[in-house]
Novice: 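What follows is a single structure, and I will ask about it in a moment.
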2 protein chains.
Amino acid sequence: MARAATTTDVFNAVAEPRRRQILDILADGERSVNDLVAEIDLAQPLVSKHLRVLRQVGLVSVRDEGRQRLYRLHGPALKPIHDWVARYQRTWNERLDALDELLNELQKEEHNGRTGE
Amino acid sequence: MARAATTTDVFNAVAEPRRRQILDILADGERSVNDLVAEIDLAQPLVSKHLRVLRQVGLVSVRDEGRQRLYRLHGPALKPIHDWVARYQRTWNERLDALDELLNELQKEEHNGRTGE
DNA sequence: CTATTATATACCCATATGGGAATATGTCAA
DNA sequence: TTGACATATTCCCATATGGGTATATAATAG
């Protein structure tokens, strides 16, 4: 076996800098393939390939508009990564514990003071 | 060029499931190589190889103890991933905007009420 | 229908991968 | 010193990669 396939999971898909770059651009809004080709310095076929990977792991969706294909970011697919990393966040952010308490506090208030919203 | 080297950045290092598994174990505390070999089902040389990658990107540190080498998690190395993903978090967590406001609020209080702490 | 534009796919290649097995290195014990 | 234990390194291999170039497919224009 070589490395795990990039299309297998989001972690691998996002490990490639070009693909993160594409996502960063799409975060700003829908783009056609040529738009992306213009914004990053990469040949069109390569952009298409990266988009394919991103599509396969659910990170982007496509919409046909005439002869263009408009790609749109689908952020929720990143949640697994976020969830995994978040478990380690306390390692570098000591304020998180305090925030935890605060959130619990607020949740309590929400339950008491606004019962029935 | 093939894929970017795993040792290049944290994103690639963490793209490998085995390495995430190792980190997950180390999150519980220091471990020797053999401890890790026992906990995940993988041959010792492979564990050593994965540890090497993790060391190279700063995700773990080593400490010699007799003939053992104790590996320890170094969480802050994950911060780049966290920071990158966090930018997209609003996509799936609508409550974040509210939290933003809240935090700003608190920061203001902190500046006014406790000036000089 | 043909040409042009937009995108995707197929092919080739150099390279890094992760697993496996064997072996080297390092450390302690007898 | 010799042997057992712990870990790292080296070698080989099958495979997936990402880039490049050429080409296929799709859609619109003329």
Side-chain angles (χ1 to χ4, degrees), chain A residues 1-26 30-73, chain B residues 1-26 29-57 59-73:
Chain A
M1 209 191 296
R3 204 188 299 190
T6 47
T7 65
T8 295
D9 66 348
V10 187
F11 282 91
N12 273 288
V14 156
E16 168 65 31
R18 301 292 202 174
R19 288 194 282 263
R20 288 202 298 276
Q21 199 181 350
I22 291 178
L23 293 178
D24 287 342
I25 295 174
L26 291 182
E30 232 178 17
R31 294 291 145 94
S32 75
V33 178
N34 265 351
D35 287 346
L36 291 169
V37 171
E39 295 191 52
I40 69 189
D41 192 35
L42 201 57
Q44 175 267 313
L46 299 188
V47 172
S48 281
K49 279 190 214 170
H50 284 308
L51 286 170
R52 188 149 123 91
V53 173
L54 293 174
R55 227 185 316 140
Q56 282 172 313
V57 299
L59 271 168
V60 302
S61 58
V62 212
R63 181 166 72 84
D64 285 35
E65 169 103 8
R67 51 181 143 184
Q68 289 188 315
R69 312 204 74 194
L70 299 179
Y71 281 83
R72 176 191 291 276
L73 172 70
Chain B
M1 210 189 295
R3 203 189 298 191
T6 47
T7 64
T8 295
D9 66 347
V10 188
F11 283 91
N12 273 289
V14 156
E16 168 65 30
R18 300 291 203 175
R19 286 194 285 262
R20 287 201 300 277
Q21 198 181 351
I22 290 178
L23 293 178
D24 287 342
I25 295 174
L26 291 181
E30 232 178 16
R31 294 290 147 95
S32 75
V33 177
N34 265 350
D35 287 345
L36 291 170
V37 171
E39 295 192 52
I40 68 188
D41 192 35
L42 200 58
Q44 175 267 313
L46 298 190
V47 172
S48 282
K49 279 188 212 171
H50 285 307
L51 286 170
R52 189 149 122 92
V53 172
L54 292 174
R55 228 185 317 141
Q56 281 171 315
V57 300
L59 271 168
V60 302
S61 57
V62 212
R63 182 166 72 83
D64 285 35
E65 169 104 8
R67 51 182 143 183
Q68 290 187 315
R69 311 203 75 194
L70 299 179
Y71 282 83
R72 176 190 291 277
L73 172 69

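All values reported here derive from a predicted model rather than from experimental measurement. We name chains A, B, ... by the order of the sequence lines, and we start the count at 1 in each one.
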Novice: What is the distance from CG of B:Leu51 to P of D:dT7, rounded to the nearest Å?
Specialist: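 In whole Å, D:dT7 P lies 10 Å from B:Leu51 CG.
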Novice: Give me the residues of residues 59-67 of chain A where at least one heavy atom lies under 4.0 Å from an atom of DNA chain C, by number, or none.
Specialist: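 Here the set is A:Arg67.
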Novice: Quick check on contacts: within residues 30-45 of chain A, what sits under 4.0 Å from DNA chain D by heavy-atom distance?
Specialist: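 Within residues 30-45 of chain A, the residues near DNA chain D are A:Pro45.
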Novice: Rounding to an integer number of Å, can you tell me how far B:Leu46 CG sits from C:dG19 P?
Specialist: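 Interatomic distance, CG of B:Leu46 to P of C:dG19: 5 Å.
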Novice: Nearest-Å distance, CZ (B:Arg52) to P (D:dA6)?
Specialist: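 Taking atom P of D:dA6 as the reference, CZ of B:Arg52 is at 22 Å.
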Novice: Can you measure A:Phe11 atom CZ to C:dT17 atom C1' for me and round it to whole angstrom units?
Specialist: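 To the nearest whole Å, that distance equals 19 Å.
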Novice: First locate atom CG of A:Leu73, then atom CD1 of A:Ile25, and finally report the distance between them rounded to the nearest 0.5 Å.
Specialist: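 Spacing of CG (A:Leu73) from CD1 (A:Ile25) equals 12.0 Å.
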Novice: Once side chain to side chain contact (heavy atoms under 4.5 Å, CB included) is applied, do any residues pair with A:Arg72, and if so which ones, sequence neighbours excluded?
Specialist: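 For A:Arg72 the side chain to side chain contact (heavy atoms under 4.5 Å, CB included) partners, ignoring immediate neighbours, are A:Glu30, A:Ser61.
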Novice: Nearest whole angstrom, please: distance from the C1' of D:dT28 to the CZ of A:Arg69.
Specialist: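 Computing the A:Arg69:CZ to D:dT28:C1' distance gives 16 Å.
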Novice: Measure CD/B:Gln56 against P/D:dA8 and give the value in whole Å, please.
Specialist: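 Rounding to the nearest Å, CD of B:Gln56 and P of D:dA8 are 12 Å apart.
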Novice: Of all residues at least two apart in sequence or in a different chain, which pass the side chain to side chain contact (heavy atoms under 4.5 Å, CB included) check with B:Ser48?
Specialist: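 With neighbours one apart ignored, the set is B:Val33, B:Gln44.
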Novice: With B:Arg20, which residues qualify under salt bridge (charged side-chain N to carboxylate O under 4.0 Å, His left out), at least two apart?
Specialist: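 Checked B:Arg20 against salt bridge (charged side-chain N to carboxylate O under 4.0 Å, His left out); matches are A:Asp9.
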Novice: Going by the rule side chain to side chain donor-acceptor pair (under 3.5 Å), which residues pair with B:Asp24 if we only count those two or more places apart in sequence or in a different chain?
Specialist: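 B:Asp24: side chain to side chain donor-acceptor pair (under 3.5 Å) contacts with A:Trp84, A:Arg87, A:Tyr88.
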Novice: To the nearest 0.5 Å, tell me how far A:Ile22 CD1 sits from A:Leu59 CG.
Specialist: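 A:Ile22 atom CD1 to A:Leu59 atom CG measures 11.0 Å (nearest 0.5 Å).
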Novice: Of the nucleotides C:dA8, D:dG18, C:dG19, which has the atom closest to the A:Arg55 side chain?
Specialist: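 It is C:dA8.
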Novice: When you measure from the side chain of B:Glu16, which nucleotide among D:dA8, D:dA6, C:dG19 comes out closest?
Specialist: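 Shortest atom-to-atom distance from the side chain points to C:dG19.
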Novice: Who passes salt bridge (charged side-chain N to carboxylate O under 4.0 Å, His left out) against A:Asp64, sequence neighbours left out?
Specialist: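 By the salt bridge (charged side-chain N to carboxylate O under 4.0 Å, His left out) rule, A:Asp64 matches A:Arg69.
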Novice: Please state how far atom CD1 in B:Ile22 lies from atom P in D:dT7, giving the value in whole angstrom units.
Specialist: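 To the nearest whole Å, that distance equals 13 Å.
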Novice: For the residue pair B:His50 and B:Arg19, confirm or rule out a side-chain donor-acceptor distance under 3.5 Å.
Specialist: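 The criterion, which ignores hydrogens and geometry beyond distance, is satisfied for B:Arg19 and B:His50.
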Novice: Between A:Tyr71 and C:dA8, is there a contact of a side-chain N or O with OP1 or OP2 at under 4.0 Å?
Specialist: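 So the side chain of A:Tyr71 is within the cut-off, an N or O lying under 4.0 Å from OP1 or OP2 of C:dA8.
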Novice: Sequence neighbours left out, what pairs pass salt bridge (charged side-chain N to carboxylate O under 4.0 Å, His left out) with at least one residue falling in residues 32-46 of chain B?
Specialist: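 Qualifying pairs: B:Arg31-B:Glu39.
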Novice: Measure from CD on B:Gln68 to C1' on C:dT27 and round the result to the nearest Å.
Specialist: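 B:Gln68 atom CD is separated from C:dT27 atom C1' by 11 Å.
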